[in-house]
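Report on the structure given below.
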Amino acid sequence: KNEVEQSPQNLTAQEGEFITINCSYSVGISALHWLQQHPGGGIVSLFMLSSGKKKHGRLIATINIQEKHSSLHITASHPRDSAVYICAAVGASGSRLTFGEGTQLTVNP
Amino acid sequence: NAGVMQNPRHLVRRRGQEARLRCSPMKGHSHVYWYRQLPEEGLKFMVYLQKENIIDESGMPKERFSAEFPKEGPSILRIQQVVRGDSAAYFCASSPGLAGIYEQYFGPGTRLTVT
């Protein structure tokens, strides 16, 4: 069992739909990153959070430390949101990242 | 303030050659991390370095791979005698290394192709 698991692995949505990607982790963490990666592209950090909820534009990230679970929500999805979304846990020692396998999101017009 | 820089962006090597990947952290950052993304796979931790010191190399293959972060200059990930299985995207990230600051900033990656 991976220390960080994401679901779903693949997600196809129609433009405008509300999207949720889930991340569960089984280890103690200091914080959790949500990252975005376009095909052949670099990695962009969307959020880093250690408690509660953060919002940036149409993106919302939440984390429940007790349940060891985080979610990334995209409201009013758009084709340009199509990418791989990766959650990554910062270890309890505050250093290395442990990554989920990623969720491939495709938003169709 | 320039972001994390990696070069080259693309590197082609023949089997048996050496590959040197460079990473310049963000200004003021003293911690560097290297991650590898094999084709169709997720990202995996390789090594964590501070200036002149390797902190955690538990993700590094035991042979042919080495990393350094000298007092001056970029961090270098060195792969000797490359094999086809080394073909991957190599990302570095940097952080300021301050207590309680966990944010890591990623470079654009180096795509290594071994022919």
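In what follows, every chain begins at residue 1, and chains take the letters A, B, ... in the order their sequences are listed.
- Linking ILVMFWY residues whenever their side-chain heavy atoms come closer than 4.5 Å, directly or via other members, leaves B/Ile76 and B/Phe91 in distinct clusters.
- Annotation: A/Arg58, atom CZ; neighbour count of heavy atoms from other residues, nucleotides and ligands within 6.0 Å is above 12.
- Annotation for A/Lys53: atom NZ does not count as buried by contact number, only 12 or fewer foreign heavy atoms lying within 6.0 Å.
- With a 4.5 Å cut-off on non-hydrogen atoms, B/Gln6 does not touch chain A at all.
- Here the CD-OG distance, from B/Gln104 to A/Ser45, works out to 9.0 Å after rounding to the nearest 0.5 Å.
- Contacts between B/Tyr35 and chain A at a heavy-atom distance below 4.5 Å involve the side chain alone, from C-beta outward.
- B/Leu43 is not connected to B/Val32 by any chain of hydrophobic side-chain contacts under 4.5 Å among Ile, Leu, Val, Met, Phe, Trp and Tyr, and they are in different clusters.
- Enclosure of atom CD in B/Glu63 is not indicated, since only 12 or fewer non-hydrogen atoms of other residues, nucleotides or ligands lie within 6.0 angstrom.
- Enclosure of atom CD in B/Gln80 by more than 12 non-hydrogen atoms of other residues, nucleotides or ligands within 6.0 angstrom is indicated.
- Contacts between residues 97-109 of chain A and chain B, counted as heavy-atom pairs separated by less than 4.5 Å, involve A/Leu97, A/Phe99, A/Glu101.
- Heavy atoms of B/Ser58 lying under 4.5 Å from chain A belong exclusively to its side chain.
- At a threshold of 4.5 Å between side-chain heavy atoms, the hydrophobic network of Ile, Leu, Val, Met, Phe, Trp and Tyr places A/Val90 and B/Trp34 in two separate groups.
- For B/Gln81, the CD atom is loosely surrounded, since the number of other residues' heavy atoms within 6.0 Å does not exceed 12.
- Separating the CZ atom in B/Phe106 from the CG atom in A/Leu35 is a distance of 5.0 Å, to the nearest 0.5 Å.
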* Could you check B/Phe45 against A/Arg96 for side-chain contact (heavy atoms from CB on, under 4.5 Å), going step by step and ending with a plain yes or no? => CA-CA 7 Å; B/Phe45 167 78; A/Arg96 58 187 287 179; 3.3 Å; yes

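- Taking chain A as the reference chain and counting heavy-atom pairs below 4.5 Å, the highest number among B/Glu41, B/Lys44, B/Gln37, B/His31 is found for B/Gln37.
- In the hydrophobic clustering of this structure, B/Ile54 groups with B/Phe69; members are Ile, Leu, Val, Met, Phe, Trp, Tyr whose side-chain heavy atoms approach within less than 4.5 Å, directly or through other members.
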